[in-house]
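Only heavy atoms go into these numbers, but all of them, side chains included; no hydrogens, no water, no symmetry mates. In this text, all values refer to a predicted model and were calculated from it rather than measured experimentally. Labels below follow one simple rule: chain letters A, B, ... track the order of the sequence lines, proteins then strands, and each chain is numbered from 1.
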2 protein chains.
Amino acid sequence: MVQITGGSKADEMIEQFRLRCKEVGLKVTPQRVAIYKALLESREHPSAESVYRTVSNVMPSVSLDTVNRTLLTLAELGVAFVVEGTGDVRRYDAILEDHQHFRCIKCKRILDFHCDEFDNIETPEFLKDKCTVLRSSVYFEGLCNDCQGKESK
Amino acid sequence: MVQITGGSKADEMIEQFRLRCKEVGLKVTPQRVAIYKALLESREHPSAESVYRTVSNVMPSVSLDTVNRTLLTLAELGVAFVVEGTGDVRRYDAILEDHQHFRCIKCKRILDFHCDEFDNIETPEFLKDKCTVLRSSVYFEGLCNDCQGKESK
DNA sequence: CTCTGTGCAAACACTTTGCAGCTAA
DNA sequence: TTAGCTGCAAAGTGTTTGCACAGAG
């Protein structure tokens, strides 16, 4: 849906990425640029493995580890992010009643809360054409009070 | 949709669980009951490891594998579920503009879509007291058309 | 020239699988 | 009795860490 139009827009984003790196004091290595570019061009929320395969085509010497580390770096820089919830161990819930989740990105704790207005999110029509929605939820992410104060990474 | 109302009706829920097992032809083993009970009583969306520790207290002989398998079974039964997105490999996204995600629970693919009304989800006041929300999103889960037809589990 | 970033390999953490003995029905 | 479970151990997958060398600034 969201479209990155044309190649020039991508170039522009890569330029911004370079600036952002310098701003924070990170080196602009060919690997980082290639990985960011691959992520930008991917329309499928790739896993590290998937980005690795793409980057390997243009830079066969790159390692999966570098891809992993770089993607994490990109997320820290704020030029990319981790899709909500992914990367966590599996967690279960026996509460079947409507409720929403807040997840602390530091300690990984999940807080339940409930807000009537979020109970019946309507599935957009165009989504119904593409898939069968079984569950929908509103999801919040951030820092819980316990983790908020602590500066320890 | 199984609707269970009430709060301190753990025994009642366990009874329903027994019935549900029989209904589907699953044996009601002490392990299954203990694991379901532990999950019911936990208020923190536990991981398998966490449930395992709890159950170990009352049944030291259980294995982590059984806990893992049983939790998956509970999710299939519909008496519990996997918290949205958890258990997947980490996935990244370089699109910073507002958009929402649909995730196919079978092939794990993620579809982007965009719906204005979901862009500015307001954080409930009481949540603001408990944590600092950095991101909020509306999330849909189900089967994509490609997986829909296929009966292969 | 210096110090960060990279590639490699080993270590980890979590999950899944195969199998033999056990047990709920 | 017997099909379905469980416990154990091993294998699989994804992620992290430690280290020496390479290359960006």
Among dA25(C), dT16(C), dG5(C), the one nearest any side-chain atom of Lys22(B) is dA25(C)
Report the distance from atom NZ of Lys108(B) to atom P of dT15(C), rounded to the nearest whole Å.
12 Å
Look at Gln31(A) and dG7(C) and indicate whether a side-chain polar atom (N or O) is within less than 4.0 Å of OP1 or OP2.
yes
Mind calculating the distance between CG (Leu72(B)) and C1' (dT16(C)) to the nearest angstrom?
10 Å
Send over the distance from Glu76(A) CD to dG5(C) P, rounded to a whole Å.
11 Å
With a cut-off of less than 4.0 Å, is there a side-chain N or O of Arg69(A) near OP1 or OP2 of dT16(D)?
no
Atom CG of Asp65(A) and atom P of dA11(C) are separated, to the nearest Å, by 15 Å
Identify which nucleotide among dT6(C), dT16(C), dA25(C) has an atom closest to any side-chain atom of Thr70(A), counting heavy atoms from C-beta outward.
dT6(C)
Rounded to the nearest 0.5 Å, what separates atom CZ in Arg43(B) from atom CG in Leu111(A)?
10.5 Å
Can you check whether Thr29(A) has a side-chain N or O nearer than 4.0 Å to OP1 or OP2 of dT6(C)?
yes
Taking every non-hydrogen atom, the tightest pair across Thr86(A) and Val89(B)
CB-O, 3.4 Å
Below the 4.0 Å mark, does dT6(C) have OP1 or OP2 next to a side-chain nitrogen or oxygen of Thr66(A)?
no
Atom OH of Tyr52(A) and atom C1' of dC8(C) are separated, to the nearest Å, by 11 Å
Just checking, any donor-acceptor pair under 3.5 angstrom between side chains of His99(B) and Asp93(B)?
yes
What is the distance from CZ of Arg32(B) to C1' of dG7(D), rounded to the nearest Å?
14 Å
Indicate whether OP1 or OP2 belonging to dG14(D) is found under 4.0 Å from a side-chain N or O atom of Arg91(B).
no
Measure from the side-chain heavy atoms of Lys27(B) and tell me the nearest of dT16(D), dG7(C), dA25(C).
dA25(C)
Earlier contact from the 5' end, DNA chain C, for Asn68(B) and Pro30(B)
Asn68(B)
Just how far, in rounded Å, is C1' of dC5(D) from CG of Leu71(B)?
15 Å
So Ser61(A), base contact, sugar-phosphate only, or nothing? Heavy-atom distance under 4.0 Å.
sugar-phosphate
Please tell me whether Tyr139(B) and Phe102(B) form a close aromatic pair, meaning their ring centres lie under 6.0 Å apart.
no
Gap between atoms CD and C1', on Glu49(A) and dT13(D) respectively (whole Å):
10 Å
Comparing Val28(B) and Ala48(B) on DNA chain C - which has the more 5′ nearest nucleotide
Ala48(B)
Output yes when Arg90(A) and Asp88(B) qualify as a salt bridge under the 4.0 Å nitrogen-oxygen rule, no when they do not.
no
